**Student:** 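Let me give you the structure first, and then I'll get to my questions.
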2 protein chains.
Amino acid sequence: MAVKPPTGSVTIEDVAREAGVSRAAVSKVIRNAYGVSPAMKARVSEAIEKLGYRPSVSARGMRGATFTVGFEIPELSNPFFPKLLAGATAAMSGSPYQLIIAPADPAHAEGYRAIQALVDRQVDGVIAVSPLVDPEWLEALAATVPVVMIGRHDRSVAYDTVVGDDEAGAGQVMRHLLDLGHKDIVHLTPAAGMIGVDSGVPQAIRLDVYRRAMQDADLGDRIRVVRTGNGESESRRAALQLLAEPDRPTAVFAAHDEPALGVLHAVADAGLTPAEVSVAGYDDIEIAAHPGISLTTVNQDGERMGRLAAELLLERIAGRSAPRHEVVRPELVVRTSTRPPRPRGGAARLRALGRT
Amino acid sequence: MAVKPPTGSVTIEDVAREAGVSRAAVSKVIRNAYGVSPAMKARVSEAIEKLGYRPSVSARGMRGATFTVGFEIPELSNPFFPKLLAGATAAMSGSPYQLIIAPADPAHAEGYRAIQALVDRQVDGVIAVSPLVDPEWLEALAATVPVVMIGRHDRSVAYDTVVGDDEAGAGQVMRHLLDLGHKDIVHLTPAAGMIGVDSGVPQAIRLDVYRRAMQDADLGDRIRVVRTGNGESESRRAALQLLAEPDRPTAVFAAHDEPALGVLHAVADAGLTPAEVSVAGYDDIEIAAHPGISLTTVNQDGERMGRLAAELLLERIAGRSAPRHEVVRPELVVRTSTRPPRPRGGAARLRALGRT
DNA sequence: CACACGTCGTAGACCGATCTACAAGAGGTG
DNA sequence: CACCTCTTGTAGATCGGTCTACGACGTGTG
């Protein structure tokens, strides 16, 4: 067996008695602090081993560090988030720090509660993915404990950030669609309530880029934004309605891969294929590469983002106070869900003629 | 703002001073224990509110409960596990308990480390999905803290279990494939090292059911088991080799949906479709229902399993000591990735004739 | 030989809560 | 009016570590 079985509650006191030394001595050994003779270290280590002693993190937390970092995350269902976690876990793997994850219960005040729960547990640092929490609140938080935020475009001096270049990523998607010849491009994005007013959440930026790209291509009058929840099923429903309209769009740019999957689903449900309606997403979740899906999307390298966040946090914990803001360059991945638009007959063509 | 900003470190002492009462009084109020007059409660609550006081979980943990339950989980990349978490989070949502998740770092002793980390942090209970940890170790653990294991078929009196009926689920898959007329059915399962010897892990049972079903159908000589890692890419490679063989199987039964996706991927890569090679999985992850995938699989209702596990754990924490073992009934979901086998020419037909 | 110094180990305060035991005061009863 | 009981609040020990201050014990130096 790799590990000793957990033994009821052996305290530092027990170890001290067993080794015939003081509590302080044992404490020194386990922290390998200065002032320990090899002989004593050996005796104490032996006692620890024999009794299966494990220091209580709670007791430790009362004075010093807990060697725990907290990762707050909204919904695990979107496969992009586990990528962040995987990256962070890997980066943390060598360090003495343990990662614990607090899921933000969507039923409760989005993020706040989960982050609070971590802080209450005396974590030595926090990584969070809550784009909606108030900047001032975060500043106050960051004054208490090192904080790294993922996916925020604001630049506080109090906390670090890791974020993808959504401007560039969304720009690439729009250029791609426009280059293919699409003009009726709909943007699918989370409901307004889910995007803070100019909070700089990624979705808000993607939306903005969409609008500007359409304007710049002289398609300002064809701008159309559909709001829907995250998750496949909601977006599928929304897309079904959209596709049933007489002059349906020729392309849909979804703010994330999950809703994009919903749109693809709807396209299939409506008896259509990407040849009729192109679909693009954002994140490049693993399944997007599957031949049955083959979704054009933007790769953000979530693992790298998670790794970066963990590294920044460890630096902060180690003492750095100057803020750092890392931007990860995204990359368009073209697959078969986006194709040139097919010329259509009837109403759409007439409308197009009437306009030009 | 929904929540007060985190204020440095307000202790119970500060609150007591502010309200002009003793520490013990404040403690009583926050635990809403007996012996508090409405007047004092009001004064104290006001002080708590005013100072933004939050009790330290570490300090609490030193004597009593931490109101924290730990969830150990291997790899988040398989979308089935987040389902468990979602269920547990939902079930916990009403209770005063906070869920924290410890990812089992695959680089380190599988599960042990993560579970230990949780116990070190004084959680009031543990839910774990480590099918490989030693039963004796678990018994020792369960003597210390309430434990619920997910996906184990052993029945200890020390800990509760929540598990799918893999016998039934795998049986349904095999019956389905055999009914369709398949004879050359390959089973894809994790490498032997990943399945403990008769530890009763789900994969071992599915494998066993596969073997017996083949025997019972007089296809004992066509039994073929391919070992591969979890994850899409490994199984995809393995499947590509398999499909390149002269007499490739007509159906593949994968022990999980993730490897099943890999097989589907390989089928497409090889220029084939499920009409030539049927594929079945297990778990019914969300994407399986997507028309581009349409994977026949077994629904396990992961959310329900997570919810059950959380409920059992809360019961244990509340004092129950008699063990409970919940079995969730799985259900075959037939989609288009499984179809009747096509008669083939050449070698395969000759071989078949020679046998019969 | 007295003194300073470096090394090793210990005593005890301290962190922030909980919880037991007890005291003070209010109200009821014979 | 003494006595009992019930309610309400407090003092102080306690949990298991960390950390500072200090003492004891060689060793080297003038």
Side-chain angles (χ1 to χ4, degrees), chain A residues 6-45 47-48 51-68 96 117 119-124 144-145, chain B residues 6-45 47-48 51-68 96 98 119-124 144-145:
Chain A
T7 7
S9 50
V10 181
T11 75
I12 203 172
E13 181 83 49
D14 302 322
V15 176
R17 199 177 315 115
E18 172 77 22
V21 296
S22 70
R23 293 193 335 267
V26 178
S27 177
K28 276 188 181 180
V29 170
I30 60 186
R31 288 174 295 136
N32 62 74
Y34 174 83
V36 187
S37 67
M40 189 182 80
K41 175 162 183 169
R43 278 229 311 286
V44 170
S45 301
I48 288 177
L51 302 179
Y53 166 73
R54 308 227 79 209
S56 149
V57 173
S58 289
R60 277 193 159 163
M62 303 239 10
R63 290 200 68 112
T66 54
F67 295 99
T68 307
V119 174
D120 290 347
R121 279 157 189 78
Q122 305 266 73
V123 293
D124 296 336
T144 310
V145 60
Chain B
T7 6
S9 50
V10 180
T11 75
I12 203 172
E13 181 83 49
D14 302 323
V15 176
R17 199 177 317 114
E18 172 77 22
V21 296
S22 71
R23 294 194 332 270
V26 178
S27 177
K28 276 188 182 179
V29 170
I30 61 186
R31 288 174 294 135
N32 61 74
Y34 174 84
V36 189
S37 66
M40 187 182 81
K41 176 161 180 170
R43 279 230 309 288
V44 170
S45 301
I48 288 177
L51 302 179
Y53 165 74
R54 307 228 80 211
S56 149
V57 174
S58 289
R60 277 191 160 165
M62 301 237 15
R63 294 203 63 120
T66 53
F67 295 98
T68 307
Q98 167 72 31
V119 174
D120 290 348
R121 279 156 188 78
Q122 305 265 72
V123 293
D124 295 336
T144 310
V145 60

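Heavy atoms only: backbone and side chains are in, while hydrogens, waters and symmetry mates are out. Numbered from 1 within each chain, the chains take letters A, B, ... in sequence-line order. None of these values were measured; they are calculated from a predicted model.
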**Student:** Could you tell me which residues satisfy side chain to side chain contact (heavy atoms under 4.5 Å, CB included) with Ala59(B), sequence neighbours excluded, listed by chain and number?
**Tutor:** Met62(A), Ser56(B)

**Student:** Would you check if there is a donor-acceptor pair between the side chains of Arg31(A) and Ser27(A) at a distance under 3.5 Å?
**Tutor:** yes

**Student:** Using whole Å, what does the distance between atom P of nucleotide dC15(D) and atom CD1 of Ile12(B) come to?
**Tutor:** 18 Å

**Student:** What's the separation between atom OG in Ser22(B) and atom CD in Glu13(B), rounded to the nearest 0.5 Å?
**Tutor:**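 Answer rounded to 0.5 Å: 10.0 Å.
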
**Student:** Test of understanding: with side-chain hydrogen bond (donor to acceptor under 3.5 Å, both in side chains), list the residues that count as partners of Ser58(A), not counting sequence neighbours.
**Tutor:**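 Not a single residue meets the side-chain hydrogen bond (donor to acceptor under 3.5 Å, both in side chains) criterion with Ser58(A).
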
**Student:** Give the minimum heavy-atom separation between Val26(B) and Ile12(B), together with the two atoms involved.
**Tutor:** CG1-CG1, 3.5 Å

**Student:** Please round to 10 degrees the angle between the axis of the first five pairs and the axis of the last five pairs in the helix from dC1(C)-dG30(D) to dG30(C)-dC1(D).
**Tutor:** 60°

**Student:** Rounded to whole Å, please give me the gap between CZ in Arg60(B) and P in dG16(D).
**Tutor:** 18 Å

**Student:** What's touching nucleotides 22-24 of chain C from the protein side, N or O pairs under 3.5 Å?
**Tutor:**
none

**Student:** Partners of Arg43(A) by side-chain hydrogen bond (donor to acceptor under 3.5 Å, both in side chains), sequence neighbours excluded?
**Tutor:** none

**Student:** Test side-chain hydrogen bond (donor to acceptor under 3.5 Å, both in side chains) on Thr68(A) and Arg121(B); report intermediate values, then the result.
**Tutor:** CA-CA 9 Å; Thr68(A) 307; Arg121(B) 279 156 188 78; 2.9 Å; yes

**Student:** Distance check needed: dC15(C) P versus Gln122(B) CD, whole Å only.
**Tutor:**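 It is 20 Å, rounded to the nearest whole Å.
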
**Student:** If I take atom NZ from residue Lys41(B) and atom CD1 from residue Ile48(B), how far apart are they, to the nearest 0.5 angstrom?
**Tutor:** 9.5 Å

**Student:** Shortest non-hydrogen contact from Ser45(B) to Val29(B)?
**Tutor:** OG-CG1, 4.2 Å

**Student:** Between Phe67(A) (CZ) and dG16(D) (P), how many Å, whole number?
**Tutor:** 20 Å

**Student:** Give a yes/no answer on whether the side chain of Ser56(A) brings an N or O atom under 4.0 Å of OP1 or OP2 in dG17(D).
**Tutor:**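 No, because none of the side-chain N or O atoms of Ser56(A) sits under 4.0 Å from OP1 or OP2 of dG17(D).
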
**Student:** Nearest whole angstrom, please: distance from the P of dG17(D) to the CD of Glu13(A).
**Tutor:**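 Between P of dG17(D) and CD of Glu13(A): 10 Å.
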
**Student:** Is any side-chain N or O of Arg31(A) closer than 4.0 Å to OP1 or OP2 of dC19(D)?
**Tutor:**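 Yes, such a contact exists.
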
**Student:** For a quick check, with a 4.0 angstrom heavy-atom cut-off, what is the B/S/- contact string for nucleotides 8-13 of chain D, read 5' to 3'?
**Tutor:** BBBB-B

**Student:** Nearest whole Å is fine: how far is dA17(C) P from Asp120(A) CG?
**Tutor:** 10 Å

**Student:** Rounded to whole Å, please give me the gap between CE in Met62(B) and P in dT18(D).
**Tutor:** 11 Å

**Student:** Rounded to whole angstrom units, what separation is found between the CG atom of Asn32(B) and the C1' atom of dT18(C)?
**Tutor:** 15 Å

**Student:** Taking all atoms of both residues into account, what is the closest heavy-atom pair of Arg60(B) and Ala65(B), and its distance?
**Tutor:** CB-O, 3.7 Å

**Student:** For a quick test of reading the model, state the closest non-hydrogen atom pair linking Ala33(B) to Val36(B) and the distance between them.
**Tutor:**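 For Ala33(B) and Val36(B), the tightest heavy-atom pair comes out as O-CG2, 3.5 Å.
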
